[in-house]
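Structure record follows, encoded as structure tokens.
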Amino acid sequence: MNATVNAIANPSENMTANLQQEINLLKVDLEQKDLLVQQLSEELFRLVKGNTAFLPNAEVHEQHSEEMRCLAEKLALVENQLALSQALIQDRDREALELRHTIQEMSDRNRMLEQVVQELPNIYRAKFAERIVPIKQKIEALQKENRQLHIELQSLSFRLSGRTTRRPTTQQRLELPRVMPALG
């Protein structure tokens, strides 16, 4: 992520550095010209002082003023470009920070989900164990009732077989014990 942010930010940083370097060169150039203008002004003032016939050439003065305006305009343009570049860098830095925050949130959520997924088998085993207890109890009760009925059936069968051997000609009615239906 940092490499991506740096790759995005590097062109802006390079552009900012280039603009800053250009501003510095223009400032140095401006300072040199200001110094020359000041020296020329002082020299002209010394020469003209008391000599009204020797006035500075208006054309040269106009040319210097034009160069100064041109340099000031260039400096203003470069400063505007620098301000725009810095604003762009701040926007990208803010966006990168938001993306880092989002990545952190997603990583935390991912870890939480992984933990839940790891715990699911144990949760399902516990739920299954809870649900199987009443079923096992019901099966045990049915098996107990089945054994009881089987015992009663054998007892009745034994009694019935004893009666049929004593009275072979008599019809007997067999009454079975009432069985309760299993609870569903």
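Values below: all heavy atoms of this structure, side chains included; hydrogens, waters and symmetry mates excluded.
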How would you list, by chain and number, every residue that makes a salt bridge (charged side-chain N to carboxylate O under 4.0 Å, His left out) with Arg69, sequence neighbours excluded? Glu62, Glu66
To the nearest 0.5 Å, what is the distance between CG (Leu75) and CE (Met68)? 10.5 Å
Going by salt bridge (charged side-chain N to carboxylate O under 4.0 Å, His left out), name the residues that satisfy it together with Lys33, two or more places apart in sequence or in a different chain. Glu67
Within one Ile-Leu-Val-Met-Phe-Trp-Tyr cluster: Leu25 and Leu36, side-chain cutoff 4.5 Å: no
Derivation of the side chain to side chain contact (heavy atoms under 4.5 Å, CB included) call for Ile135 and Ile139: CA-CA 6 Å; Ile135 295 171; Ile139 289 173; 4.0 Å; yes
Taken to the nearest 0.5 Å, the spacing of Leu142 CG from Glu140 CD works out to 10.5 Å
Are Ile23 and Lys27 side-chain neighbours, meaning at least one heavy-atom pair lies under 4.5 Å? yes
Where Pro121 and Val117 come nearest, the two heavy atoms and their spacing: CD-O, 3.4 Å
Evaluate the side-chain proximity of Val78 to Gln20: yes if any heavy-atom separation is below 4.5 Å, no if none is. no
Could you tell me whether the side chain of Glu43 reaches within less than 4.5 Å of the side chain of Gln39, counting heavy atoms only? no
Establish, from distance only, whether the side-chain atoms of Gln104 and Asp108 form a donor-acceptor pair under 3.5 Å. yes
Main-chain N/O of Ile151 paired with Ser155 side-chain donor or acceptor, under 3.5 Å: no
Do Arg159 and Leu156 have side chains that get closer than 4.5 Å, going by heavy atoms? yes
So do the side chains of Ile89 and Asp93 get within less than 4.5 Å of each other, counting heavy atoms only? yes
Dump the intermediate steps for side chain to side chain contact (heavy atoms under 4.5 Å, CB included) on Arg109 and Glu105, then the final yes or no. CA-CA 6 Å; Arg109 185 173 181 199; Glu105 287 176 355; over 6 Å; no
